[in-house]
2 protein chains.
Amino acid sequence: MGTITIIGAGAMGTAMAWPAADNGHTVNLVGTHLDDAIIDSIKENGLHPKLKRAVPKNVNPFKHTDLSEALKNSDLVISGVSSLGVDWIAETAGPLLDPAIPFIAVTKGLMSRSNGEIITLPVYLSDRIQQIANKQVRINAITGPCIAQELAARRHTCVVFCGENVGTLEKIRSMLQISYYQVATSLDITSLEVCAAMKNAYAVAINLAVGEFEVAGVDGNANYYNPQAALFAQGMREMELLIEILGGNPKSVIGLPGSGDLYVTVFGGRSARLGKLLGRGIPYQQALQDLAGETLESVEIARQVIRALPALEKAGRIPLNSFPLLRHLSNLIETNNPAPIPWEKFFSS
Amino acid sequence: MGTITIIGAGAMGTAMAWPAADNGHTVNLVGTHLDDAIIDSIKENGLHPKLKRAVPKNVNPFKHTDLSEALKNSDLVISGVSSLGVDWIAETAGPLLDPAIPFIAVTKGLMSRSNGEIITLPVYLSDRIQQIANKQVRINAITGPCIAQELAARRHTCVVFCGENVGTLEKIRSMLQISYYQVATSLDITSLEVCAAMKNAYAVAINLAVGEFEVAGVDGNANYYNPQAALFAQGMREMELLIEILGGNPKSVIGLPGSGDLYVTVFGGRSARLGKLLGRGIPYQQALQDLAGETLESVEIARQVIRALPALEKAGRIPLNSFPLLRHLSNLIETNNPAPIPWEKFFSS
């Protein structure tokens with residue numbers, strides 16, 4: 001059995017300690033500069049304050065100042081920070097990483113450059129580490145439907161590890177797979193990262209229908225699943241299109257990181273709450289206040305992709321007026337004006 | 001404005017009266033031999049007892065004995081019966097249908113022949129009418145996420161009309177589309193019928209996880225979405241494979257009739273209730289008793305496809321041990337023995 005170091009002690013990073021520890025490994029859990037209170041709590045009584053659960057016994061908590069110590073003799077490094085912490089990881093951990101040790105990130109996202117080029121976070125992170133530390137660390141990533149709280153409760157979870165090298169992926173799988181944590185592998189990083197990133201934005205969009213329902217009120221025993229389902233399918237179609245544009249395999253959207261992860265994201269968390277508020281006709285800035293203190297990764301990701309659309313259109317790489325649902329979401333966010341869902345623009349094939 | 005005749009006054013058939021009537025058409029709603037009480041209720045006070053809602057004003061109720069009268073001067077015929085009533089439709093309405101009048105069915109399903117050939121219900125219905133009445137009636141079909149109760153409440157609903165002729169599909173769309181009922185069209189009947197049929201079976205399967213959760217009980221604030229999402233994605237993959245085998249376009253599973261319809265079916269109705277009971281470890285025969293009086297279309301469809309698998313395997317058209325989730329469902333049903341979900345068989349690519 002080996003040593004696995006997890007960087008980032010938020011809910012998702014910490015949840016990875018369960019399959020790691022249950023596989024018999026020693027787990028070093030290192031907080032970021034924002035996680036001191038979490039690490040203090042674990043040191044004091046073993047409890048993770050956000051997961052509201054004791055971490056497994058073979059987990060050693062470290063503060064960010066002890067990152068170098070924690071990384072010593074690691075057989076696997078897991079990045080558990082969100083996309084908003086990716087620069088922190090590059091700057092702080094980058095210089096300390098050994099390229100020979102497998103690295104896998106739960107971090108999901110897309111970034112766009114001003115020329116319309118969209119890149120995945122693994123590519124971004126790898127490039128940043130190269131710039132900062134002049135070394136090439138290959139970034140593998142975990143995609144698929146995985147709510148941290150449920151993984152920590154050992155609920156059955158199926159995910160996909162993606163990366164550039166089959167052997168590395170198999171090695172990481174062998175260290176983490178266990179009855180309740182089933183792992184598939186894939187080399188199609190682009191597709192899986194598009195799904196992983198965009199499902200957040202579309203989970204906001206699907207919840208617009210829930211918010212509309214809350215305002216419209218009960219009508220007999222009619223619920224509001226038809227509209228949600230239509231938005232779900234439209235989101236799937238737009239993810240398919242984006243994958244196609246970026247050169248991935250569009251059929252990837254059918255599996256765990258696409259349909260599965262979108263399904264799981266609809267039901268909870270920040271994206272769902274934002275969508276409901278916007279669906280109730282609350283202007284974006286006010287909705288933000290209602291969600292005070294919450295990280296809105298989904299909004300940042302939507303913005304990154306929207307920002308790339310004009311250049312892609314100009315280059316003839318996407319049809320005019322494609323991505324009507326993503327554009328609607330963008331309008332709600334950028335203009336701060338509520339607007340009805342543009343149903344007539346969907347499925348016009 | 002024309003006359004639209006709906007055959008079958010169950011929830012789904014009757015719900016079609018809303019977009020039909022709101023488009024200004026006269027609607028003849030004809031009950032089957034099982035719908036006399038419904039038609040009596042509508043004649044007496046306008047109320048549909050199952051929808052618990054008054055039907056629109058321009059709806060004329062007819063009993064099955066007046067089918068011939070109701071079909072006179074129709075510009076469009078809609079079959080609203082379930083797959084279990086498809087023979088009744090062929091025998092009763094078949095001889096009365098004018099092949100020149102467009103016909104569209106909400107009926108969904110797959111049938112298998114003993115040689116492993118799987119056919120869609122539109123093909124089956126068309127063949128039956130040919131046999132019985134010696135005429136060729138082209139069967140168009142409505143697929144996509146549409147809960148009857150919600151359509152009758154004018155909730156936003158997006159569907160796909162599929163058939164063999166673009167002109168006919170456009171004509172039917174022009175008669176039924178309205179702000180809250182958006183219609184796309186497709187010639188890919190095979191794919192859409194596979195989705196329409198199989199989503200019932202996979203909705204049962206996804207709810208196995210919900211049933212397991214009900215038994216396992218609360219664990220902190222961990223819900224049970226990871227397992228549901230994994231089953232959702234596995235169902236999507238198996239629908240994709242079945243479409244491929246039957247010669248349709250596997251990407252159809254990405255849109256409304258695949259991901260959208262599966263999403264909507266997970267949350268309610270007979271399939272969901274059966275899945276939860278089986279997931280709680282209740283043997284199938286006992287679960288059936290608990291659902292007394294409910295039509296189990298989903299089970300019949302699963303059986304039709306399962307029945308076809310050995311011949312397809314023998315012919316080398318599907319890999320051995322493909323469809324692990326469908327097979328698990330079949331085992332629960334045929335052996336009457338509860339069994340855990342075979343997580344390790346999924347996503348083993």
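Order of the sequence lines fixes the chain letters, A, B, ..., with proteins taken first and strands second; residue numbering starts at 1 for each chain.
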Are A:Asp219 and B:Arg53 close enough, and set up right, to give a salt bridge (Lys or Arg N to Asp or Glu O under 4.0 Å), and what steps lead you there?
-> CA-CA 10 Å; A:Asp219 178 358; B:Arg53 192 178 291 274; 3.0 Å; yes
Distance-only side-chain donor-acceptor flag, A:Gln228 / B:Tyr263, under 3.5 Å = yes
Shortest non-hydrogen separation from B:Ala229 to A:Pro145 and the atoms involved | CB-CB, 3.4 Å
Exercise: identify the closest heavy-atom pair between B:Leu51 and A:Asn221 = O-OD1, 4.1 Å
Interatomic distance, [X] atom [atom1] to [Y] atom [atom2] [nearest 0.5 angstrom]:
{"X": "A:Glu240", "Y": "B:Ile254", "atom1": "CD", "atom2": "CD1", "result": "3.5 Å"}
{"X": "A:Glu150", "Y": "B:Phe213", "atom1": "CD", "atom2": "CZ", "result": "8.0 Å"}
{"X": "B:Met236", "Y": "A:Met236", "atom1": "CE", "atom2": "CE", "result": "4.0 Å"}

Does CG in B:Asn45 sit with more than 12 non-hydrogen atoms of other residues, nucleotides or ligands closer than 6.0 Å?
-> yes
Neighbours of chain A found in residues 156-167 of chain B - heavy atoms under 4.5 Å = B:His156, B:Thr157, B:Cys158
Which of the residues A:Gly220, A:Ala148, A:Gly255 is involved in the greatest number of heavy-atom pairs with chain B at under 4.5 angstrom?
-> A:Gly255
A:Val183, A:Val264, A:Asp261, A:Leu151: which one forms the most heavy-atom pairs within less than 4.5 Å of chain B?
-> A:Val264
Residue part contacting chain B, namely of A:Ala216, when any heavy atom lies under 4.5 Å = side chain
Residue part contacting chain B, namely of A:Leu231, when any heavy atom lies under 4.5 Å = neither
Identified ring-ring contact (aromatic ring centres under 6.0 Å, His included) counterpart of A:Phe267 within the set B:Phe232, B:Tyr224, B:Tyr225 | B:Tyr225
Give the table of side-chain donor-acceptor pairs shorter than 3.5 Å for residues 10-21 of chain A, with sequence neighbours excluded, one pair per line with atom names and distance.
| residue | atom | partner | partner atom | Å |
| --- | --- | --- | --- | --- |
| A:Thr14 | OG1 | A:Ala9 | O | 2.9 |
| A:Thr14 | OG1 | A:Gly10 | O | 2.7 |
| A:Thr14 | OG1 | A:His48 | NE2 | 3.2 |
| A:Trp18 | NE1 | A:Ala152 | O | 3.2 |

Residues at least two apart in sequence or cross-chain that pass ring pair (Phe, Tyr, Trp, His ring centres under 6.0 Å) with B:Tyr180, listed by chain then number, are none
Which one of B:Leu256, B:Val266, B:Val253 has the most heavy-atom pairs closer than 4.5 Å to chain A?
-> B:Leu256
Most heavy-atom pairs under 4.5 Å with chain A, out of B:Ala153, B:Gly144, B:Ser186, B:Ser259, belong to B:Ser259
Determine yes or no for a side-chain-to-main-chain donor-acceptor pair under 3.5 angstrom, with A:Arg155 supplying the side chain and B:Pro227 the backbone.
-> no
Counting only heavy atoms closer than 4.5 Å, note whether B:Ile178 contacts chain A via side chain, backbone, both or neither.
-> neither
Given that the side chain runs from C-beta out, which part of B:Ile341 has a heavy atom under 4.5 Å from chain A: side chain, backbone, both or neither?
-> neither
Scan the side chains in residues 243-252 of chain B for donor-acceptor partners under 3.5 Å anywhere in the protein, sequence neighbours excluded, and list what turns up.
| residue | atom | partner | partner atom | Å |
| --- | --- | --- | --- | --- |
| B:Asn249 | OD1 | B:Lys251 | N | 3.0 |
| B:Ser252 | OG | B:Asp188 | OD2 | 2.9 |
| B:Ser252 | OG | B:Asn249 | O | 3.1 |

